[in-house]
Amino acid sequence: MPMTTTAKSSLKRSDDRIIIHFDYDCFYASVFEVENPALKSVPLGVQQKQIIVTCNYEARRRGLRKLQLVSEAKKKCPDMVIVLGEQLDRFRDASKMLYKFLESFTWNNKVEKLGFDEVFLDVTDIVAYNQSLLNPNDLSHAFFNLSRDDPTIGFSFDASRTAGHEYPDLDDTAIEIAAKDQELLIRLRIGSHLAQHLRHRLEEDKGYTSTVGISTSKLLAKLAGNLHKPKAQTTLMPPYESTSNEDQAEQTSTVIAFLDTHDIGKIPGIGFKMSQKIRDHILGRKVDLKDETDSRVVKDSVSVRDVRLFPGMGPELLDEILGGLGAERGIGAKAWALINGIDESEVQTLKRVPTQISIEDSYRGISTLPEVRKELRVLATSLINRMHTDLLESDEDNPGKQRWLAHPKTIRLSTRPQPPRNPDGTRSRSFNRISRSCPLPNFIFGLREGVDALVEKLVVETLIPLFHRLHDGKGWSLNLINICVANMVETASETVKGRGRDISRMFKHQEEVLKEWKVEDKDVPPDWVAEHHRTNDGGRSHALFKAEPSAGNDAIMKGATGSEDVIPMTQDAVDDETLYMNEESDSGKCSICNAIMPAFAMAAHERYHEFENLSE
Ligand code: TTP
Ligand code: MG
């Protein structure tokens, strides 16, 4: 199928931005090490349920891996120290602190969080400013200005070389950078020095090491970072464009050559199911990542190159492969762009308040009202505490007092009922949620009453009535309950000082107020489930870099294996708590060692067995 002109023109990538991607090394373990530095020198594992979700590099040196079973880890390293990591607050707090720290270096406030431990920065403006100050005759003795106002704030650097690793390594391959690429080269180099400075600051000031990628988009920066881990950085070097002859694209463009080496499922934005559909098409048969007879064997790897060069491949064919009922519009064009290394998605600016606060937990099966009431109390307590942490700030006009940054207008209760038992006594798995919402009562913003009193009132007056709208009578059994407050309306400060302080707040406020009119009612009545189950993909969104507006309740997770490494999550898209708790709600059994574990960890855990098999 010949490529249409639209397809060609949509393949134009603008490389005018410089984006840095940070991934903190063994994040959860580092949070404990920063709290207690003595842990740095011992093999340390962080446990959630039966799994070591991450371990420090001392443990990795001794052969331990992420997402290993606790029992196996102990066998391999009996003297390891294990800490419990089920309390997510400490990770959320550390994540927020680091994110604010990185934000303080930006000029444009473009800092976007992905999950707890990844951050994108758009540093185009800082790089452009420093580029304008360079002396072309003496690049080696440059000074990096971190501030436009104070020329003394900054550091010396050598602009004639890249800080950290380059990909490809130019010294080894001796590729000449053409004159047309010199400008991009210098911008990337300036970006690499800023990245290095920030990495060092994170380590020296905050105690966190990180792995960093530098390029011209979120997609490329994130993938480039993976090349050297841990405590390192990699810059994706020019040329980014192929020469005019399209046939030689793979020889000339670093971007294409780099992406081509990846498995299709490793491309952020191409989720697990999408990559499966593409694999099926390329191979001309249904693929199963696992061999039926031996689940340790992973077969049928399909690379980006295989997809890109497949006869007739392009946006239209991808639309056919990926489209269908419930698919995002333009999904073929978006996937085609990603396969060609094009991602124009913006780094979002810092949000003062989250779009929603969502708390949930999963259960083996709750089927009585007293149990529901008890769990609602627990969830409502967390919700109110989280509202206090995230939405209150000290009131500058009334010392010692606090004020609300924003008022959520809606409260939503969601449950996930278990399907009835099959005749043979087994139960099918369900990922479908149903929900009801109503206005959030004003008493919740009272700061005089204690949290317990507010919780009781919220449960009795709001949550139980919502619950009755979802489930009447008996016969239900729930394996998940979620409470969420949304439709945030930011409070404008009434003081002149407040108004003058930050004009962008006023625009944001306006945007938030208007947004209220745009928000559709996300209630999902019970009979919706049967009709729409196909659009629900086990809680994972297929949105390409942005959560769909309706994805508020869905877990959009950072993939355990990389193959589900969807990038839709931004700080305003999905609440972090939902991120992991949600996935934990479905537990499964490892087909190799029979261990029970959260579903999110399953793929990675089984992959661990594969590696184990290979290294034996
Ligand atoms: P990762 O960035 O995947 O891992 P990491 O930071 O621990 O290690 P690395 O140095 O290789 O980057 O995930 C970040 C944190 O998220 C991790 O510390 C633990 C947590 N996590 C889970 O709780 N469940 C999961 O399935 C995964 C993958 C991570
Ligand atoms: Mg990490």
Side-chain angles (χ1 to χ4, degrees), residues 21-35 39-40 43-61 64-70 73 82-96 98-99 102 113-120 199 202-203 207-213 222-223 225-234 266 268 272 538-540 555-567 569 576-588 590 595 597-608 611:
H21 173 259
F22 288 84
D23 180 342
Y24 310 129
D25 299 323
C26 43
F27 181 56
Y28 283 14
S30 302
V31 173
F32 285 99
E33 287 180 352
V34 167
E35 280 174 21
L39 292 172
K40 278 189 185 167
L44 175 71
V46 181
Q47 176 175 0
Q48 274 179 4
K49 309 248 159 116
Q50 290 184 46
I51 294 192
I52 298 293
V53 281
T54 194
C55 52
N56 67 0
Y57 278 87
E58 183 53 37
R60 292 187 202 192
R61 257 191 292 283
L64 298 187
R65 294 205 184 90
K66 292 192 276 190
L67 300 165
Q68 204 169 9
L69 280 178
V70 174
I82 295 181
V83 287
L84 263 190
E86 286 178 7
Q87 255 287 1
L88 299 183
D89 281 352
R90 50 153 51 87
F91 308 126
R92 180 183 305 105
D93 292 349
S95 167
K96 212 181 253 179
L98 293 173
Y99 166 67
L102 287 173
K113 206 152 76 75
L114 177 67
F116 279 169
D117 87 328
E118 292 181 47
V119 175
F120 293 99
R199 263 195 325 115
L202 274 175
E203 185 173 358
Y208 288 84
T209 66
S210 49
T211 293
V212 167
K222 180 172 161 67
L223 287 176
N226 287 339
L227 289 166
H228 296 277
K229 291 181 79 148
K231 220 176 155 171
Q233 65 180 65
T234 312
K266 287 273 160 69
F272 181 72
R540 272 175 204 132
I556 298 167
M557 75 167 305
K558 218 175 75 148
T561 61
S563 60
E564 290 122 6
D565 217 352
V566 189
I567 296 203
M569 227 222 21
D576 295 321
E577 184 116 28
T578 315
L579 189 68
Y580 291 130
M581 299 305 277
N582 206 21
E583 291 291 322
E584 275 177 31
S585 56
D586 301 298
S587 50
C590 169
M597 70 196 70
F600 71 73
M602 204 63 157
H605 174 78
E606 290 189 354
R607 252 162 53 97
Y608 158 73
F611 286 124

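First listed ligand is number 1; within each ligand, the first listed atom is number 1.
- Salt-bridge formation is not detected for the pair R90/D93: no Lys NZ or Arg NE/NH1/NH2 atom is positioned less than 4.0 Å from an Asp or Glu carboxylate oxygen.
- Checking K229, E118, R60, Q48 against atom 8 (O) of ligand 1, the nearest heavy atom belongs to R60.
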Legend entry - Audit row: Y24, F116, side chain to side chain contact (heavy atoms under 4.5 Å, CB included) steps and yes/no: CA-CA 9 Å; Y24 310 129; F116 279 169; over 6 Å; no
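- Within the structure, the closest approach of C26 to ligand 1 falls below 4.0 Å when heavy atoms are considered.
- With 2.8 Å as the limit, D117 counts as an N, O or S neighbour of the Mg ion (ligand 2).
- Listed for the D25 side chain is a donor-acceptor partner under 3.5 Å among the backbone atoms of S210.
- Of all atoms in ligand 1, numbered sequentially from 1 with element shown, those under 4.0 Å from a heavy atom of Y24 are 6 (O), 12 (O).
- Applying the salt bridge (Lys or Arg N to Asp or Glu O under 4.0 Å) criterion to E58, with sequence neighbours excluded, gives R61, R62.
- Within the coordination shell of the Mg ion (ligand 2), defined by N, O or S atoms under 2.8 Å, D23 is present.
- Closest heavy-atom contact between K49 and E86: N-OE2, 2.5 Å.
- In T211, neither the side chain nor the backbone holds a heavy atom less than 4.0 Å from any atom of ligand 1.
- For F32, the ring pair (Phe, Tyr, Trp, His ring centres under 6.0 Å) test picks out F91, with sequence neighbours left out.
- Heavy-atom contacts of D23 reach the following atoms of ligand 1: 2 (O), 12 (O) (cutoff under 4.0 Å).
- At a heavy-atom cutoff of 4.0 Å, ligand 1 is contacted by no atom of F91, backbone or side chain.
- Below 3.5 Å of separation, one finds an N or O of F27 facing an N or O of ligand 1.
- One N or O on the side chain of Q48 and one on the backbone of G85 form a donor-acceptor pair closer than 3.5 Å.
- Residue contacts with ligand 1 for V46 are absent, since no atom lies close enough (heavy atoms, distance under 4.0 Å).
- Residue side and main chain included, Y24 places an N/O/S atom under 2.8 Å of the Mg ion (ligand 2).
- Listed by number with element, the atoms of ligand 1 under 4.0 angstrom from any heavy atom of L67 are 26 (O).
- In this structure a side-chain-to-backbone donor-acceptor pair under 3.5 Å is missing from N56 to A29.
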